[in-house]
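Data block below; observations after.
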Amino acid sequence: MHTLAAGLRLPTNGLDYAIMAIYFVVVLGIGFAARASVKTSLDFFLSGRSLPAWVTGLAFVAANLGATEILGMAATGAQYGVAVVHWYWIGAIPAMVFLGLVMMPFYYKSKVRSVPEFLLQRFDKSAHLLSSILFAFAAILIAGVNLYALSIVVEALLGWPQWVAIVVAGLFVLLYITIGGLSSAIYNEVLQFFVILAALIPLTILGLKKVGGWDGLTDSLEKSHGHSFLSAWDGTAIGQANPLGANWLTIILGLGFVLSFGYWTTNFAEVQRALSAKNLSAAQRTPLIAAFPKIFIVFLVMIPGLVAAVVAPKIGLSGSGLQYNDAIPLLMQDLLPNGVLGIAVTGLLAAFMAGMAANVSSFNTVFTTDIWARYVKKDKPDAYYLRFGRLITAVGVLASIGTAFIASSFSNIMGYLQTLFSFFNVPMFVVFIIGMFWKRASMKSGVWGLLAGTSAAMLNYFWIYKQGVISIPTDQGANFVSAIVGFVAGAVVMVVVTLFTAPKPEAELAGLVYGTKSPDMEEPPAEGDDAWYRKPALLGWGAIVLAALCYIPYSI
């Protein structure tokens with residue numbers, strides 16, 4: 001995604017800019033309002049663990065509504081058809097439910113401030129330090145993706161130079177996080193969630209109207225692209241060719257298990273929202289509440305992509321002047337009147353800022369609490385770490401601006417992000433899952449599992465795939481394979497290292513391994529949490545069943 005098509009400049013006017021200006025004023029207002037609640041470092045990094053489940057749940061899903069979700073998934077819909085649903089119903093929902101039902105009790109009861117800190121309690125300092133460095137590095141890379149995506153969209157749609165868009169967006173994210181900490185980021189993400197919906201819903205409805213409704217859309221696509229374009233599983237048998245370059249096994253194992261679970265259960269940019277909840281029940285319900293809008297958001301990005309494939313049948317083909325990434329901007333230009341256009345552009349800005357803010361706020365927490373406070377400046381007053389957290393936020397934003405130029409070297413943002421997830425999140429997930437379910441896993445196995453998983457995933461991608469040692473049809477297919485390779489390598493190394501090194505004393509594993517409990521970590525249920533509609537199991541399995549039912553129309 002180097003640039004959007006040159007002809008996609010939007011006919012914005014004063015009304016549209018006024019809507020955008022109002023949004024930015026409200027964003028800063030939320031930051032200043034949240035400042036009053038920031039008195040300690042816990043307030044700054046985890047909102048004092050005081051937020052209700054509905055707030056953290058919406059923030060959880062909004063934090064994921066970044067570059068990949070809006071432009072990347074619409075592009076995937078235009079290119080691959082309804083196969084985009086795999087990233088939601090297999091590639092998100094099961095992992096979100098697993099996080100809520102299985103992993104959040106470990107995270108929340110241990111009172112950790114970050115995901116790497118859990119590895120310190122379960123393994124040792126070496127695993128903790130390595131995971132902290134890897135996560136901080138990945139967070140800055142991913143924040144840079146959102147900044148870069150925002151800059152090219154704003155340049156194409158509004159005519160602003162890329163550097164202006166980067167500086168303006170970075171400055172606003174820096175201001176409201178520095179002022180109000182995580183509470184500011186989370187409450188702004190709730191606002192951004194509704195702004196994004198206000199942008200995508202009119203675009204989806206008007207797009208369907210333009211092509212004659214759902215029946216008109218499917219009839220046109222069947223004639224131009226064939227029936228498989230409208231089927232999630234057609235052509236995915238092992239040995240069959242399909243545009244996605246993946247079969248059912250790599251989709252289920254690579255995307256549905258390894259990449260998905262690696263992202264949703266260990267990515268601190270997401271888990272941090274749940275850790276800020278007011279109690280364990282609210283923390284568990286955070287990803288489960290988020291799962292329900294996540295199930296249906298796919299339609300708001302897939303349908304515009306499908307519509308773009310009809311109204312611009314040569315989109316993505318050489319010589320057409322349009323890339324798949326142009327799907328959303330193309331429809332915005334053709335369908336939206338002024339006023340609604342301002343809301344849509346604001347929604348895109350909100351999406352990119354939400355993705356960046358989630359990663360910057362998680363970066364400042366990990367760098368301050370896991371690296372600086374534990375290995376550089378120990379036992380300082382709490383006020384010192386609060387000041388340092390604000391300072392490192394500025395450093396994180398500046399670093400994100402730098403990494404935005406790394407993202408510019410990749411032609412597909414979705415592919416680049418999936419590559420990062422296979423390198424960083426998957427190895428961390430294998431260490432977590434083995435550490436949580438196997439008491440014998442030794443202290444030293446954690447750091448070696450991380451090293452092996454990350455190295456194997458990178459080796460597979462840069463040497464085996466990029467050098468053509470093994471032929472894999474697409475970058476996405478290569479990412480699925482890299483994730484599987486990283487997971488298997490990390491698991492094997494952990495088992496081997498465990499056989500030759502000492503386990504952690506069983507008394508120190510209470511509350512950290514499945515089947516164990518720590519009496520001092522138990523928490524009485526809050527009033528109202530025992531209501532049937534708040535039961536985590538009901539919410540979790542309800543989301544799984546609903547996602548499975550959604551597959552039926554696209555599996556025929």
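FYI, side chains are in, hydrogens and waters are out, and symmetry mates aren't considered; it's all heavy atoms of this structure. Not measured: the values here are computed from a predicted model.
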When you compare the side chain of [Y] with that of [X], does any pair of heavy atoms fall below 4.5 Å?
X      : Y      : value
Ile392 : Trp372 : no
Thr204 : Phe299 : no
Gln272 : Val115 : no
Tyr375 : Leu129 : yes
Ser131 : Leu450 : yes
Lys125 : Leu120 : yes
Asn479 : Phe421 : no
Leu141 : Phe424 : yes

I need the [X] [atom1] to [Y] [atom2] distance, nearest 0.5 Å.
X      : Y      : atom1 : atom2 : result
Leu197 : Gln192 : CG    : CD    : 12.0 Å
Met302 : Thr76  : CE    : OG1   : 12.0 Å
Leu203 : Ile328 : CG    : CD1   : 5.0 Å
Phe98  : Thr265 : CZ    : OG1   : 7.0 Å

[X] side chain to [Y] backbone, donor-acceptor under 3.5 Å:
X      : Y      : result
Thr178 : Leu175 : no
Thr403 : Ile140 : yes
Arg285 : Ala53  : no

Can you see which heavy atom on [X] is nearest to which on [Y], and at what distance?
X      : Y      : result
Thr454 : Phe423 : OG1-O, 3.3 Å
Ala344 : Met332 : CB-CE, 3.8 Å
Phe480 : Leu259 : CD2-CD1, 3.6 Å
Phe487 : Val426 : N-CG1, 3.8 Å
Ile186 : Ala59  : CG2-CB, 3.6 Å
Ile30  : Tyr187 : CG2-CB, 3.8 Å

| task | Can you sort out the partners of Thr286 under side chain to side chain donor-acceptor pair (under 3.5 Å), two or more places apart, ordered by chain and number? | result |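 Partners of Thr286 by the side chain to side chain donor-acceptor pair (under 3.5 Å) criterion, ordered by chain and then number, come out as Thr56.
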| said: If the condition is ring-ring contact (aromatic ring centres under 6.0 Å, His included), which residues does Phe363 pass it with, not counting sequence neighbours? | reply: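 Once residues adjacent in sequence are excluded, the partners of Phe363 under the ring-ring contact (aromatic ring centres under 6.0 Å, His included) criterion are Phe367.
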| Excluding sequence neighbours, so at least two apart, what forms ring-ring contact (aromatic ring centres under 6.0 Å, His included) with Tyr385? |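 ring-ring contact (aromatic ring centres under 6.0 Å, His included) check on Tyr385 returns nothing, list empty.
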| task | May I ask you to decide if the ring planes of Phe429 and Phe261 are parallel, tilted or perpendicular, using 30° and 60° as cut-offs? | result |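 If you compare the ring of Phe429 with that of Phe261, the planes turn out tilted.
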With a 3.5 Å cut-off and no angle check, do the side chains of [X] and [Y] form a donor-acceptor pair?
X      : Y      : answer
Asp382 : Thr40  : no
Glu117 : Thr369 : no
Tyr263 : Glu270 : yes

| field | side-chain contact (heavy atoms from CB on, under 4.5 Å) partner of Phe60, chosen from Lys294, Met96, Glu189 | value |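 Single pass found, and it is Met96.
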| query | Take atom CZ in Phe32; do more than 12 heavy atoms of anything else shown fall under 6.0 Å from it? | reply |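 No, CZ of Phe32 has 12 or fewer neighbouring heavy atoms, counting only those of other groups under 6.0 Å.
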